[in-house]
Amino acid sequence: MWAWILHRVTGVGVMIFIVIHILDTWLIGFGPEVYDTVMNIYRHPIFRLGEVALVGALLFHALNGLRVILIDFWPEAGLFQKQRQLFQVVVVLFFILYVPVAGYMIWDIIY
Amino acid sequence: MKVELFIRRFNPETDTKSRMVRYEVEVEPTDRLLDALNAIKWYQDGTLTFRKSCAHGICGSDAMLINGVNRLACKVLIKDLGDRITVEPLRGFRVIKDLVVDMEPFFAAYRSVKPYLINDEPAPRTERRQSPEERERFDDTTKCILCAACTTSCPSFWANEDYIGPAAIVNAHRFLFDSRDRGAAERVDILNSKFGVWRCRTIFNCADACPRGIEVTRAIQDVKRFLLNARI
Ligand code: HEM
Ligand code: SF4
Ligand code: FES
């Protein structure tokens with residue numbers, strides 16, 4: 001159940017980001033000044049930390065999405081009984097991929 | 001050993017809200033929770049209301065929320081529950097009294113998938129033969145006892161009580177994958193509807209809850225793939 005809760009939270013989170021992103025890109029229609037003002041807000045450390053979270057959410061969602069797809073469309077593998085172990089694999093993969101990326105992004109904010 | 005039971009009680013004649021009531025009973029660690037409930041009903045408080053019948057995990061009448069998970073009271077042992085046990089009615093159905101819920105919507109969903117063999121072809125002179133492999137295809141889903149533990153553990157069902165729920169899909173699976181059955185076309189409309197299988201989000205609560213060890217989530221995915229590939 002926790003895999004699903006995280007999947008929904010990250011899915012909805014990423015969706016909210018995309019809506020905001022579509023809106024801010026649309027601002028270019030009001031001219032480069034308006035667009036640049038808004039883009040400058042994004043350089044604020046709070047927003048850049050938000051980007052770190054976004055990458056994490058998308059990464060988890062994608063990895064767990066692959067877990068669900070494998071379970072659903074590969075019944076011969078009998079992953080139904082192993083769904084918990086498969087979730088553990090997702091978590092491990094997530095950290096292997098996310099720690100260096102997040103580390104680099106945070107380092108970039110600080111320095 | 002002495003155990004404390006916290007039972008969510010509701011009397012429709014006097015209560016507007018349910019309340020937790022504490023009981024203390026003397027039981028053996030190897031007793032089942034049902035024995036503790038009976039000890040309360042028979043010797044402490046005869047008004048405590050719950051369903052039970054076979055007491056051997058086969059009639060499906062005493063599924064309830066025990067320490068936060070759906071289990072059969074007649075199957076779960078005290079020693080596996082600890083000495084502080086909470087007992088509540090199944091989630092998602094109207095509570096009639098104490099631990100008794102209104103199962104009618106559950107059986108309506110069950111009936112909607114036509115859980116019986118449909119075959120209008122002329123009956124053969126002997127039996128309709130089936131190979132062991134063909135029988136094996138739906139063996140798992142024959143074990144359902146309609147206890148509703150799966151359906152009432154499902155967040156999709158909590159969110160929308162019109163979702164037919166895991167148990168109805170398990171019983172559709174039982175006949176969809178029976179080589180003697182010809183009723184698929186009559187079942188797809190409800191299974192493929194917006195209250196059908198597509199409400200399943202692969203959460204696995206149903207499979208964790210099933211006291212018969214049925215791979216409920218697998219059965220649901222079998223039906224999803226059946227609908228994807230069906231040419232009906
Ligand atoms: C990039 C933007 C994405 C957004 C906004 C998004 C959003 C969502 C949302 C809101 C759900 C519904 C969750 C639920 O009903 O509980 C969902 C489900 C799902 N997503 Fe994504 N997702 C995205 C990317 C991905 C990617 C990259 C994958 C896989 C590689 C993926 C795979 C899935 C799967 C398999 C489900 C179904 C889960 C289930 O029902 O059990 N998604 N997504
Ligand atoms: S599938 Fe399992 S949990 Fe669901 S009603 Fe049948 S026996 Fe109960
Ligand atoms: S009393 Fe029959 S299943 Fe528990």
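Every chain is numbered from 1 and lettered A, B, ... according to where its sequence line falls, protein lines coming before strand lines. All of these numbers come straight from a predicted model, not from anything done at the bench.
Checked against Phe80(A) for a side-chain contact (heavy atoms from CB on, under 4.5 Å), the options Val216(B), Thr217(B), Thr202(B) give a single hit: Thr217(B).
Here Met1(A) contributes atom CE and Ile203(B) contributes atom CD1; the two are 8.5 Å apart, rounded to the nearest 0.5 Å. A distance of 16.0 Å separates CH2 in Trp74(A) from CD in Gln221(B), rounded to the nearest 0.5 Å.
The environment of Phe95(A) atom CZ is sparse: at most 12 non-hydrogen atoms of other residues, nucleotides or ligands sit within 6.0 angstrom. Ile46(A) CD1: 12 or fewer foreign heavy atoms inside a 6.0 Å radius. Other residues, nucleotides and ligands place more than 12 heavy atoms under 6.0 Å from the NZ atom of Lys143(B). Within 6.0 Å of CZ on Arg19(B) lie more than 12 heavy atoms contributed by other residues, nucleotides or ligands.
Classification of Asp72(A) and Arg218(B) as a salt-bridged pair fails, no side-chain N sitting under 4.0 Å from a carboxylate O.
Two residues are said to be in side-chain contact when any heavy atoms from C-beta on lie closer than 4.5 Å; His7(A) and Arg201(B) fail this criterion.
Arg225(B) touches chain A through its side chain: at least one heavy atom from C-beta onward sits under 4.5 Å away, while N, CA, C and O do not. Within the 4.5 angstrom heavy-atom criterion, only side-chain atoms of Ile71(A), from C-beta onward, approach chain B.
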Checklist entry - Between Arg84(A) and Asp208(B), does a side chain to side chain contact (heavy atoms under 4.5 Å, CB included) hold up when you go through it step by step? => result CA-CA 11 Å; Arg84(A) 280 207 171 75; Asp208(B) 290 342; 2.7 Å; yes
